[in-house]
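Scroll down for the structure; my scribbles are underneath it.
Everything quoted here is computed from the prediction, not taken from an experiment.
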Amino acid sequence: MSKKAGLKAALGGGRKESTETREASKPVVIAATGELCRVLISSITPDPNQPRETFDPNFIDSLARKLQKDGQHQPITVVMTGPNQYKIRNGENRWKAAQKAGWEYIDAIVYEYEPAELTAPEQADILRKQKSDNDDRRPLTPWEDIKACARYVELSGKKQGEAAEDLDLSKTDLSKRLKIFNGPEEIQMLVRAEALTNLNTLGSLVELWKLDQEYAAAEAQKILEAGQISSGAEQKYAARVKALKEGREVPGSKPAKKEQEPQTPKPMTFSAKKVNVAEKGVLEIEDGKGNAMRFKVPRSWKKDWEKIGEALFGGKL
């Protein structure tokens, strides 16, 4: 077999196929929705409405080193906003890293001109795609994720079930995020600082805020100062919420002390057995058990002796 014939056989050309079973050939490349270009970095601006709000400088430094070493493997996505002006749709970390690396141009897929004014559904669709893109790369911070979900529900105008499906979340998980987003600022601060990110615990704190704001505020401040939640606090919050809603005694709380009613002092009893003149003007009365009481009397006490004796001894001296 010649080399040409061997190559033909290896590629399948040596096998005979009927026209009935042979599949129609498919194009290797089809038209894309955007055009890959090299774009001047200085002509690109970030999207102020994209869900990511914080950028880790250490991550960007690391990405810049990778770009310098290995080049750019994946283009960013931009839209035209005017003549020679572009706005980032996806890839702001890569754009920042390219600047850090000292690049003048960056690979970008350029989409057609986008008007400055977009409808709410159009904004919602862009936001959903940006969130999905960020999730596939460097995840959003917990607060960025919560905020993006809440904005999508607002912009899309969809019910929670439909919005959750669009965001690849369960309806319960989306509901938890919305509860926190609509909760008090003090509890949102815990998420921003990443001192507390558990959705269930945050939800319990939001509920506690409604039922016992003073307690919830104190707990939020305690967590924020410590930078983390204490062990067992999750169960404590959930149990407290349940007890307050059911009108039961709150677990772990001490019952309030009852104010004692003022008691009438009991009259002192003293059985007099003997009277002595302790000193001038002072009578000492004993009860026969070694107990004694002293009383001052006026100078005219002798005139009142009978009255004193009657009072003490029933008239018997």
Side-chain angles (χ1 to χ4, degrees), residues 49-56 58-59 93 123-124 127-253:
N49 295 318
Q50 82 126 325
R52 186 179 298 282
E53 297 175 354
T54 57
F55 295 85
D56 184 353
N58 294 326
F59 176 76
N93 269 317
Q123 293 180 58
L127 178 63
R128 180 185 60 79
K129 291 175 181 177
Q130 288 176 324
K131 181 181 181 305
S132 176
D133 181 76
N134 277 296
D135 287 343
D136 290 343
R137 303 178 193 283
R138 189 173 181 83
L140 298 172
T141 66
W143 176 247
E144 290 170 343
D145 177 72
I146 289 171
K147 187 176 179 181
C149 289
R151 283 187 60 218
Y152 179 75
V153 172
E154 180 184 0
L155 291 169
S156 67
K158 294 183 177 181
K159 294 181 178 180
Q160 285 191 27
E162 295 176 289
E165 189 174 345
D166 289 347
L167 296 169
D168 197 26
L169 294 171
S170 69
K171 187 176 178 180
T172 301
D173 284 342
L174 177 58
S175 180
K176 291 175 183 178
R177 285 166 168 80
L178 296 179
K179 177 186 284 189
I180 297 162
F181 182 79
N182 294 316
E185 178 72 18
E186 288 82 351
I187 293 176
Q188 292 177 3
M189 280 298 298
L190 299 178
V191 190
R192 290 192 183 98
E194 298 189 36
L196 176 60
T197 57
N198 183 282
L199 296 177
N200 291 327
T201 308
L202 287 162
S204 293
L205 268 179
V206 172
E207 288 296 314
L208 269 177
W209 191 276
K210 300 174 186 175
L211 300 166
D212 188 350
Q213 182 174 333
E214 184 178 354
Y215 176 84
E219 288 296 307
Q221 184 62 31
K222 191 189 304 180
I223 296 169
L224 191 61
E225 290 175 355
Q228 60 183 4
I229 192 169
S230 59
S231 176
E234 296 92 338
Q235 294 79 7
K236 180 177 69 173
Y237 297 156
R240 193 178 186 93
V241 167
K242 186 177 181 181
L244 287 171
K245 285 185 174 180
E246 295 176 355
R248 296 185 287 103
E249 183 178 329
V250 177
S253 62

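Side-chain contact between Leu202 and Leu196: present, with at least one pair of heavy atoms (C-beta onward) separated by less than 4.5 Å. Counting only heavy atoms from C-beta outward, the side chains of Arg151 and Asn49 approach each other to under 4.5 Å. The side-chain heavy atoms of Lys245 and Glu207, taken from C-beta on, include a pair separated by under 4.5 Å. Contact annotation: the side chain of Ile223 never approaches that of Gln228 to less than 4.5 Å [non-hydrogen atoms, C-beta and beyond]. Considering only heavy atoms from C-beta on, Gln160 comes within 4.5 Å of Leu178 through its side chain. For the pair Pro142/Glu194, a side-chain contact is recorded, criterion being any heavy-atom separation below 4.5 Å from C-beta on. By the 4.5 Å heavy-atom criterion applied to side chains, Lys171 and Glu162 are not counted as neighbours. At least one side-chain heavy atom of Ile229 sits less than 4.5 Å from a side-chain heavy atom of Glu234.
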| Full working for side chain to side chain contact (heavy atoms under 4.5 Å, CB included) between Arg177 and Lys147 | CA-CA 8 Å; Arg177 285 166 168 80; Lys147 187 176 179 181; over 6 Å; no
| Chi angles and distances behind the side chain to side chain contact (heavy atoms under 4.5 Å, CB included) call for Lys210, Val206 | CA-CA 7 Å; Lys210 300 174 186 175; Val206 172; 4.2 Å; yes
| task | Quick one: do Ser156 and Asp166 satisfy side chain to side chain contact (heavy atoms under 4.5 Å, CB included)? Show the steps, please. | result | CA-CA 10 Å; Ser156 67; Asp166 289 347; 5.7 Å; no
| task | Go through the steps to decide whether Tyr152 and Leu174 satisfy the test side chain to side chain contact (heavy atoms under 4.5 Å, CB included), and finish with yes or no. | result | CA-CA 11 Å; Tyr152 179 75; Leu174 177 58; over 6 Å; no
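Shown here is Asn198, whose CG atom has more than 12 heavy atoms of other residues, nucleotides or ligands within 6.0 Å.
Gln188 places a side-chain N or O within donor-acceptor distance of the main-chain N or O of Gly183, the cut-off being under 3.5 Å. Between the side chain of Glu246 and the backbone N or O of Arg248 there is no donor-acceptor pair closer than 3.5 Å.
To the nearest 0.5 Å, the span separating CG on Leu167 from CG on Asp173 amounts to 11.0 Å.
Contacts of Asp212 classified as salt bridge (charged side-chain N to carboxylate O under 4.0 Å, His left out), with partners at least two apart in sequence or in another chain: Arg240.
Using cut-offs of 30° and 60° for the angle between ring planes, the Trp143 and Phe181 rings count as parallel.
Side-chain contact annotation: Thr141 with Glu144, donor-acceptor N/O pair under 3.5 Å present.
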